[in-house]
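Notes to accompany the following structure.
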Amino acid sequence: MGHSRKLVVAGLAVAALTLSACGSGSTDAPKVAAKPSLEAGTTMAKISAAGKMKVGTKFDQPGFGLKGLDGKLTGFDVEVAKIIGGAMGIDAANIEWVESPSKLREELIEKGNVDLVAATYTINDKRKKRITFAGPYYVAGQQLMVKTDNTKIKGPADLKANPDQKVCSVTGSTPAEQVKPYLANPGQLVLFDVYDKCANALRTGQVQVVTTDNVILLGFVSKSDKKFKLVGEQFTKEPYGIGIKKGDVKFCEFINKTLKDNSAAYLKAWADTAGKVEGAAPAALPPAAPCV
Ligand code: GLU
């Protein structure tokens with residue numbers, strides 16, 4: 001390609017970006033398909049015809065799913081759900097958000113209380129027995145968070161030698177299970193239903209450690225006024241999936257294709273939310289896993 005042609009192409013790309021930025025305004029409004037062509041009888045066609053969608057997400061996790069005092073949801077999971085809804089012609093205003101604590105996610109999907117769950121939801125075999133996962137759309141890793149002045153805990157290997165250091169996590173989460181081999185005794189683990197209760201317990205000194213995915217913890221660090229820090233390496237892999245009804249392969253494939261086709265919106269969603277938090281690695285859409 002000649003130099004001048006390259007410049008023209010680059011110029012067009014900038015113009016297109018500017019136009020689309022003007023068109024979409026903010027992350028509140030990802031692309032909404034005017035007349036999506038969806039196979040009759042599929043979940044996508046049903047959601048599209050209903051003109052609304054129910055999404056299960058977290059309400060207490062900065063950067064991923066956080067309900068503001070104005071009632072608005074913000075975060076990467078929220079934006080990813082909006083991209084998926086947009087491909088079915090669903091405007092963000094027509095998404096009903098349903099709080100989905102870790103332990104309740106499979107049940108909410110099975111009962112049909114939500115059309116999908118986007119909630120820092122690790123894909124694993126145990127959960128795949130009850131639901132189907134689209135994705136992964138991000139890969140996090142489990143880590144530890146302590147108060148900035150904590151010098152005892154530098155990583156999971158220090159937990160056994162310090163049984164007085166209580167570790168908080170959430171019921172029904174993968175980190176609550178995966179931390180167990182590192183503990184001195186079962187009583188060292190304190191479980192709540194949501195992570196902001198763990199963060200509060202850390203603040204008040206009821207627990208000394210919080211463990212879950214690094215990117216969730218980074219969100220709490222960013223809101224802690226430098227009172228919290230992450231320690232140690234990531235010691236697990238947590239690939240995030242979109243939870244849907246078990247066996248809905250067509251919906252799963254549709255979600256995977258939608259995320260792949262909307263890579264610019266996906267990257268923008270990350271940059272506008274969890275990507276803003278210091279220490280968060282850039283997002284790159286991982287290859288989709290088979291839909292089963
Ligand atoms: N990704 C982990 C899980 O799905 C931890 C985060 C969470 O509890 O949502 O269990």
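All values below were derived from every heavy atom in this structure, side-chain atoms included, with hydrogens, water molecules and symmetry-related copies excluded. We count ligands from 1, going down the list as the structure has it; atoms in each ligand are counted the same way.
- Taking every non-hydrogen atom of A119 and a distance limit under 4.0 Å, the qualifying atoms of ligand 1 come out as 9 (O).
- Polar contact check, K58 against ligand 1: a nitrogen or oxygen pair lies under 3.5 Å apart.
- Remark: the Y195 side chain and the D213 side chain contain no N/O donor-acceptor pair separated by less than 3.5 Å.
- Of the N and O atoms on the side chains of E238 and T236, at least one donor lies less than 3.5 Å from an acceptor on the other residue.
- By the criterion of a heavy-atom distance under 4.0 Å, both the backbone and the side chain of S173 are placed next to ligand 1.
- A heavy-atom separation below 4.0 Å is found between R105 and ligand 1.
- Between the side chains of T174 and Q142, no donor N or O sits under 3.5 Å from an acceptor N or O.
- At a 4.0 Å heavy-atom cut-off, ligand 1 touches T120 through backbone and side chain alike.
- Ring planes of Y240 and Y137: tilted class, angle from 30 to 60°.
- Counting only non-hydrogen atoms, the option in I216, T174, T212, V194 that gets closest to atom 10 (O) of ligand 1 is T174.
- Of the N and O atoms on the side chains of K58 and S102, at least one donor lies less than 3.5 Å from an acceptor on the other residue.
- Every atom of ligand 1 is numbered from 1 in the order shown, and the set under 4.0 Å from a heavy atom of Y121 is 4 (O).
- Evaluated by nearest non-hydrogen atom to atom 4 (O) of ligand 1, the leading choice among K103, E238, R127 is R127.
- For ligand 1, the atoms sitting less than 4.0 Å from at least one non-hydrogen atom of S102 are 7 (C), 8 (O), 9 (O), numbered in the order shown with element in parentheses.
- Ring to ring, Y266 and F76 are close: their centroids are under 6.0 angstrom apart.
- In this structure, F59 has its ring center at least 6.0 angstrom away from the ring center of W97.
- In this structure, a donor-acceptor pair under 3.5 Å is absent between the side chains of Q188 and Y182.
- Of the polar atoms of Y195, at least one N or O is found under 3.5 Å from an N or O of ligand 1, judged by distance alone.
- Residue-ligand proximity, P175 to ligand 1, at heavy-atom distances under 4.0 Å covers atoms 2 (C), 5 (C), 10 (O).
- Counting the atoms of ligand 1 from 1 in the order shown, those under 4.0 Å from a heavy atom of Y240 are 1 (N).
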